[in-house]
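Okay, so here's the structure we're looking at.
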Amino acid sequence: MDAWLTQARDALAEAAGVTPGALDLSEDDERTLLDLARVAAHDSGERTNAPLLCYLVGRAGGGADLERLAAAVRSTS
């Protein structure tokens, strides 16, 4: 993660009462989320759907595997 995203992660972790490590993104996670943002923006025709979809994926995450969630989104395209 770059410096800006690391700072945002740290602020979110503090606000949520979790350790920053709990919010770390692997390179695979980053690629998957960026691809989902691309799918949301291009398939829907609305760029604003990209961050909203990533938020929904985060909310749905709970204990679910990111790739499983990504497959569910991709199946709607």
Side-chain angles (χ1 to χ4, degrees):
M1 292 193 295
D2 67 19
W4 183 89
L5 193 54
T6 298
Q7 288 180 325
R9 179 215 50 199
D10 293 349
L12 288 169
E14 184 175 340
V18 300
T19 64
L23 301 179
D24 277 344
L25 293 173
S26 69
E27 287 183 23
D28 286 342
D29 291 346
E30 288 180 27
R31 276 191 294 275
T32 298
L33 289 168
L34 290 171
D35 183 58
L36 289 177
R38 179 193 61 77
V39 167
H42 292 279
D43 289 4
S44 72
E46 295 290 334
R47 291 177 44 189
T48 55
N49 283 337
L52 297 174
L53 174 64
C54 288
Y55 174 78
L56 291 175
V57 168
R59 294 287 310 245
D65 177 68
L66 179 57
E67 285 303 321
R68 181 176 178 168
L69 296 173
V73 170
R74 290 179 186 122
S75 74
T76 66
S77 296

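Predicted model, so just to flag it, every value in this text is computed and none were measured. We use all heavy atoms of the structure for the numbers below, so side chains are in, but hydrogens, waters and symmetry mates are not.
With hydrophobic clusters built from ILVMFWY side chains whose heavy atoms lie under 4.5 angstrom apart, Leu52 does not share a cluster with Leu12. No chain of hydrophobic side-chain contacts below 4.5 Å, direct or via other Ile, Leu, Val, Met, Phe, Trp or Tyr residues, connects Leu66 to Leu34. No chain of hydrophobic side-chain contacts below 4.5 Å, direct or via other Ile, Leu, Val, Met, Phe, Trp or Tyr residues, connects Val18 to Leu5. Cluster annotation: Leu53 and Leu25 are assigned to the same hydrophobic cluster (Ile/Leu/Val/Met/Phe/Trp/Tyr, side-chain heavy-atom contacts under 4.5 Å, transitive).
Here the shortest heavy-atom pairing between Asn49 and Ser44 reads ND2-OG, 2.9 Å. Closest approach of Cys54 and Leu33 over heavy atoms only: SG-O, 3.7 Å. Considering all non-hydrogen atoms of both residues, Arg74 and Asp35 come closest at NH2-OD2, 2.9 Å. Smallest separation of non-hydrogen atoms from Asp10 and Pro20: OD1-CB, 3.5 Å. When all heavy atoms of Ala37 and Ala50 are compared, the pair lying nearest together is O-CB, 3.4 Å.
For CZ of Arg47, the number of neighbouring non-hydrogen atoms (other residues, nucleotides, ligands) closer than 6.0 Å is 12 at most. By the neighbour-count criterion of 12 heavy atoms within 6.0 Å, atom CD of Glu14 is sparsely surrounded, having that number or fewer from other residues, nucleotides or ligands.
Atom CG in Leu56 sits 11.0 Å away from atom CG in Leu36 (nearest 0.5 Å). Taking CG from Asp24 and CG from Asp29, the interatomic distance works out to 9.5 Å, rounded to the nearest 0.5 Å.
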